[in-house]
Amino acid sequence: MQSNIGSNKGLPGRIVEFYVQGMKSMGLGKTLWKIIAIKLFIIFFVFKLFFFPDMLDRFFHSDAEKAEHVSQLLVSPGLPTQGINQQQILQQRR
Amino acid sequence: MLEQIDLSTVNWARAQFALTAMYHWLFVPLTLGLTFLCAFFETIYVKTGKEEWKELTKFWMKLFGINFAIGVATGIILEFEFGTNWANYSWMVGDIFGAPLAIEGIVAFFLEATFFAVMFFGWNRVSKGFHLLSTWMVAIGSNLSALWILVANGWMQFPTGMAFNPDTARFEMQNFFDVVLSPYAISKFTHATTSGFALSSFFVIAISSYYLARRRHVKMAKRSIAVASVFGLIASLMVAFTGDEAAFIDGKHQPMKLAAMEGLWDGQKNAPVVAFGIVNGMKEPGDFQDPFVVEFKIPGLLSLLANRQAGSFVPGINDLVFGNKDYNITGVTDMIKKGKRAVKYLAEYKAAKKAGDLTKASNALALFNQYKDFLGYGHLDSPKEAVPPVSITFYSFHIMAAVGTGMIIIFLLYLFFTAKGTIERNTWLYPIGILFFVLAYIAGEAGWVVAEVGRQPWAIQGLLPVKVARTDIAPVNVKLTFFMFLITFTLLLIAEVKIMLKQIQIGPKEVK
């Protein structure tokens, strides 16, 4: 790193300085980072948290239960389209 | 027409996946190709030491940065959908997809994230050589990221290097290299990345043509066109070559897709390619309707594409559904019978194991193993279910192929006039160059439609139909998130286009 060669800081310090100076000197990049931040917030804190649960994790607590559930679907052709959902299966199994 | 569309959950889930994948593919191909173009531009700058090439590189790098920033993480939503809408599928493929996706994450993080910062923050702060290395590493890293995703997709098209574990209901990886080096993985990677290179070349050509038309940044535009037309021509030739390979392996492993791509209902020797045709959308397997309303054929070409042998037999949809003893083709009708046996013996195995009858379980497992390759067919209710939507597959394939052929011609024209030094005088070419940037996007999306719609009803070819792969959730949930994505992605796209257009309007910094 040319401009940092004379610096007294060690490599980690120079890397941090490189990023900090880079961030500070951004023009269009600042707008893009804002878009990225908003997008990541929407994706991870709105979509993932409220709309995209892992369905097997929600209804089954162990891998054995998940395997049993999927096996059940595999040996019962037509089962998923007959309106029997995970919750009902779980209730039946209980 | 509309009332014929089945709006069940599985179709909403399919539509949602298609929507997010297609939006994601608006950003990805530009990233894949523009990184390499930036690397070429910067290499020329480092070799020649001319500041004009540096400013040119920085301009295209800025546009690349916009596309990257807007597109980043749009693919992660597909993984969310796996867990919510396709939970059964996710469970079954977790062992196969874990390794490629983990490698993708690590490669993406270390290569892209590290060198990306140097690429943008490092001008005049690191040596020219290290900066150039960083640009090349971002190009290689982003394309390597794509490799692992396409390996996963290739496995769904052609499941190999695995064994089904009846105790866990999972496909377990047996040979990593069989998965990574499967013909579909290689074909998907080479075809998808080279199409991204061609599209990115048109991106550069389209913007440069706009500048030439406006008599702005003329020198920079001509230089950009010179590099992009060479890269684009090589890429588009590779797209054609890899596309031919894709058709060949489809002929071997997904003959139903190939038959749908060409609207071939009855197999024949010396099978033709339909250069242009209007499909009879009402035709069904086994009926006597004409497959086309209008068609112009090139005799024998499909036999060459599918088998690389002139005059050879190519099976049609009817041969694949009902079987053809003359050519030793097992029909879906027979496969369904075998699939039902696989399902029956799997059920017997599970029941015997639960009852503690190990002898019976062992016998049932041995019988299951005889039919396990047909497991997915056991879930089909009728042979017709194994036929993909022919019209969509046919038109998508023909749009893709027509644009792909046109791309080669347009790149050749740009290269010819650039080499001759008359590109500024041939203004008629500019709108065509700009149009082909849009067409390249349409062709890329159409290619994915062929790859995915053409292999329906399968989530995993032959082993897992989408109706078993999906989660049984209420359609309203999927509908809601479908429209949420539509709005979010459209806003992101508008943001990208607006920011891009503003930067294009500003243009590169002129060197005096």
Side-chain angles (χ1 to χ4, degrees), chain A residues 1-4 15 17-29 31-36 38-40 42-44 46-48 50-60 63-64 66-89, chain B residues 8 10 62 65-66 68-70 72-74 76-77 80-81 83-85 87-88 90-92 117-118 120-122 124-127 130 165-170 339-340 343-344 346-347 350-351 375 378-381 464 467-468 470-474 477 480-481 484-485 488 492 495 499 503:
Chain A
M1 297 183 183
Q2 280 177 337
S3 63
N4 294 334
I15 291 172
E17 193 181 306
F18 176 82
Y19 273 84
V20 170
Q21 281 182 13
M23 292 280 190
K24 277 183 183 169
S25 63
M26 282 192 307
L28 173 66
T31 309
L32 295 176
W33 272 111
K34 278 179 201 159
I35 292 173
I36 291 172
I38 294 166
K39 181 173 60 177
L40 291 179
I42 293 171
I43 288 175
F44 286 101
V46 180
F47 287 168
K48 179 64 185 161
F50 297 107
F51 296 97
F52 283 93
D54 189 309
M55 296 304 279
L56 290 186
D57 280 348
R58 176 180 275 194
F59 294 115
F60 305 101
D63 281 356
K66 291 175 191 173
E68 180 58 30
H69 165 69
V70 177
S71 292
Q72 199 58 42
L73 293 173
L74 282 177
V75 298
S76 315
L79 190 62
T81 54
Q82 288 170 357
I84 298 171
N85 63 28
Q86 264 86 357
Q87 229 163 349
Q88 286 169 315
I89 287 173
Chain B
S8 57
V10 69
K62 190 185 276 183
I66 295 166
F68 189 90
I70 307 284
V72 76
T74 49
I76 201 89
I77 288 166
F80 294 171
E81 288 173 33
T84 304
N85 299 343
N88 306 326
S90 284
W91 171 257
M92 294 180 78
V118 178
F120 282 96
F121 300 157
N124 303 325
R125 297 179 67 206
V126 299
S127 70
F130 186 61
N165 183 336
D167 294 315
T168 59
R170 301 189 88 165
K340 300 279 181 209
V343 170
K344 176 175 169 268
L346 182 61
K350 301 291 287 183
L375 181 62
H379 293 268
L380 301 187
D381 297 322
L464 186 70
K467 66 181 181 184
V468 183
R470 62 128 177 158
T471 318
D472 198 18
I473 50 178
N477 295 348
L480 177 69
T481 49
M484 278 167 47
F485 284 150
T488 309
L492 282 174
I499 297 169
Q503 292 306 315

Answer yes or no: is there a side-chain heavy-atom contact under 4.5 Å between B/Arg470 and B/Asp472?
yes
Can you say whether A/Lys39 sits under 4.5 Å from chain B via the side chain, the backbone, both, or neither, judging by heavy atoms?
side chain
Side chain / backbone / both / neither for A/Asp63 at chain B, heavy atoms under 4.5 Å:
both
Measure across B/Met92 and B/Leu464 and return the closest heavy-atom pair with its distance rounded to 0.1 Å.
SD-CD1, 3.7 Å
Measure B/Ile70 against the heavy atoms of chain A and call it side chain, backbone, both or neither at under 4.5 Å.
both
Could you tell me whether B/Lys350 and B/Asp167 make a salt bridge, using a distance below 4.0 angstrom between a side-chain N and a carboxylate O?
no
A/Ser25, part contacting chain B, at a heavy-atom distance under 4.5 Å:
neither
Which atoms of B/Ser90 approach chain A - backbone, side chain, both or neither, heavy atom under 4.5 Å
neither
Heavy-atom cut-off 4.5 Å, strictly under: side chain, backbone, both or neither for A/Met23 against chain B?
both
Non-hydrogen atoms of B/Val343 and A/Leu74 that approach each other most closely:
CG1-O, 3.6 Å
Is A/Leu40 close to chain B through its backbone or its side chain, or both, or neither, when contacts mean heavy atoms under 4.5 Å?
side chain
Which atoms of B/Ile66 come close to chain A, meaning under 4.5 Å heavy atom to heavy atom: side chain ones, backbone ones, both, or neither?
both
Output for pair (B/Ile76 CD1, B/Glu81 CD), nearest 0.5 Å, gives 12.0 Å
Where do B/Leu346 and B/Pro166 come nearest, in terms of heavy atoms and distance?
CD1-CB, 3.6 Å
Look at the aromatic rings of A/Phe52 and B/Phe485 and report parallel, tilted or perpendicular, splitting at 30° and 60°.
parallel
Under 4.5 Å from a heavy atom of chain B, the part of A/Ile43 involved
both
Chain A contact via B/Ile77 - side chain, backbone, both or neither, heavy atoms under 4.5 Å
side chain
